[in-house]
Amino acid sequence: VDVGSPFSIFDERFGLEREWRDVAKIQGMLYVRGYKGLFAAEQPSPAGSGSGWRFTRVLELEPPVWSMVAVGDRLLASSRDGVYELRGTQPTRLITYRSMPMTIYRSRSDPARIYVGLVEGVASLRLTDGTWRDEGRLEGIDETITSMAEGRNGVLWMVSQRQRILRVEFTGPAAAGEREPSQKTPRIRLFSFGRGALTGRVLVREIAGRPVFLSETGIFEFDSAADRFVPAPGFAALTDAGRSSFSWVAEDSRGDIWVA
């Protein structure tokens with residue numbers, strides 16, 4: 001990797017504790033989540049050298065912190081039994097679950113809504129007039145959901161620890177006073193993997209506005225016309241070069257895609 005601009009390295013010397021799994025920056029705050037919890041640091045003034053950064057653990061969030069997502073000027077992060085909202089370093093508990101949250105996904109079709117993948121099922125929260133409203137659980141899902149991404153028309157793709165992919169489509173009648181289909185009674189289709197193209201540990205991520213599935217045999221997408229998972233053509237150069245196993249992919253603000 002050719003890095004053409006200054007960069008900083010943050011580790012235990014700056015207050016972090018291993019292992020860290022994700023990073024988010026929101027309005028001068030830097031957040032790092034991992035097995036030991038959520039860590040936050042405020043950008044030193046004046047901005048510049050990384051030596052002024054100092055991370056502290058947000059004690060209110062009981063580790064592990066499996067997921068976090070930015071929503072405007074706020075950060076939503078999971079804890080062992082709930083979801084918190086942070087502005088700066090101040091956390092507010094939004095909801096408590098009996099089942100541990102494993103992943104948080106912000107809807108692309110409705111950015112005010114987040115889905116929470118739990119050890120047993122999926123729940124959703126929606127930001128209405130500045131307040132988070134609990135929309136309850138999605139019926140028909142009791143699996144441990146580890147990753148989510150949204151496709152066209154709000155179709156939600158999920159990966160579970162049962163070696164299955166769930167395609168969730170919200171087509172039910174709208175509730176009283178609501179304009180959109182009910183979130184509680186989706187239509188669910190299951191795909192088992194391990195015998196076909198997708199094998200091993202599978203992860204779904206959203207790249208260029210569509211879901212892609214990372215596996216030990218390549219990066220795939222769902223071909224609706226063929227009704228099956230096929231290699232994603234945008235990553236053919238990697239597989240043609242002999243790379244087969246993938247565990248992480250992200251798209252930056254310039255549209256560049258990073259793969260590991």
**Message:** If you compare all heavy atoms of L118 against all heavy atoms of M102, which two are closest, and at what distance to 0.1 Å?
**Reply:** C-CG, 4.1 Å

**Message:** Would you say W157 and E150 are linked by a side-chain donor-acceptor pair, where the criterion is simply a distance under 3.5 Å?
**Reply:** no

**Asked** Should the pair F10 and F14 be assigned to parallel (<30°), tilted (30 to 60°) or perpendicular (>60°) ring geometry?
**Response** perpendicular

**Asked** Does the T128 side chain pair with the main chain of T131, one donor and one acceptor, at a distance under 3.5 Å?
**Response** no

**Request:** Answer yes or no: is there an ion pair linking R93 with E60, defined by an N-O contact shorter than 4.0 Å?
**Result:** no

**Check: F222 ring centroid to F191 ring centroid under 6.0 Å** = yes

**Message:** Using a 3.5 Å distance criterion without hydrogens, assess whether the side chain of S67 forms a donor-acceptor pair with backbone atoms of S78.
**Reply:** no

**Message:** Starting from L156, can I reach I141 by hopping between I/L/V/M/F/W/Y residues whose side chains sit under 4.5 Å apart?
**Reply:** yes

**Prompt:** Regarding E17 and Y35, is there a side-chain donor-to-acceptor distance under 3.5 Å anywhere?
**Reply:** no

**Request:** May I ask you to decide if A260's main-chain N or O and R243's side chain share a donor-acceptor pair within less than 3.5 Å?
**Result:** yes

**Request:** Indicate yes or no for a side-chain donor-acceptor contact from D11 to the backbone of R13 under 3.5 Å, with no hydrogens or angles considered.
**Result:** yes

**Asked** So, R210 and E221, do they make that salt bridge, N to O below 4.0 Å?
**Response** yes

**Request:** Specify the closest pair of heavy atoms between W248 and L214, including all atoms of both residues, with the distance to one decimal.
**Result:** N-CD2, 3.3 Å

**Asked** Does the separation of the ring centres of F235 and F246 fall below 6.0 angstrom?
**Response** no

**Prompt:** Between E135, R137, R133, which is the residue that forms a side-chain hydrogen bond (donor to acceptor under 3.5 Å, both in side chains) with S124?
**Reply:** E135

**Prompt:** Transitive ILVMFWY cluster of V230 at side-chain heavy atoms under 4.5 Å: who else is in it?
**Reply:** none

**Prompt:** Members other than Y84 in its cluster, when Ile, Leu, Val, Met, Phe, Trp, Tyr link by side-chain heavy atoms under 4.5 Å?
**Reply:** I26, M29, Y31, L38, V58, L61, V65, M68, L75, L86

**Message:** If I compare all heavy atoms of S215 with all of F220, which pair ends up nearest, and what's the gap?
**Reply:** OG-CE1, 3.5 Å

**Item:** Side-chain ion pair, D110 and R126, N-O less than 4.0 Å
**Value:** yes

**Prompt:** Taking everything shown except R87 itself, do over 12 heavy atoms lie less than 6.0 Å from its CZ?
**Reply:** yes

**Closest approach of G140 to I188 (non-hydrogen atoms, all atoms of both residues)** = O-CD1, 3.7 Å

**Donor-acceptor contact below 3.5 Å, side chain R167 vs main chain L190** = no

**Asked** What pair of heavy atoms forms the shortest contact from T103 to I145, and how long is it?
**Response** CG2-O, 3.6 Å

**Request:** Could you pull out all residues at least two apart from R164 that satisfy salt bridge (charged side-chain N to carboxylate O under 4.0 Å, His left out)?
**Result:** E143

**Message:** Looking at every non-hydrogen atom in both residues, tell me the closest pair between G37 and P63 and how far apart they are.
**Reply:** N-CB, 3.5 Å

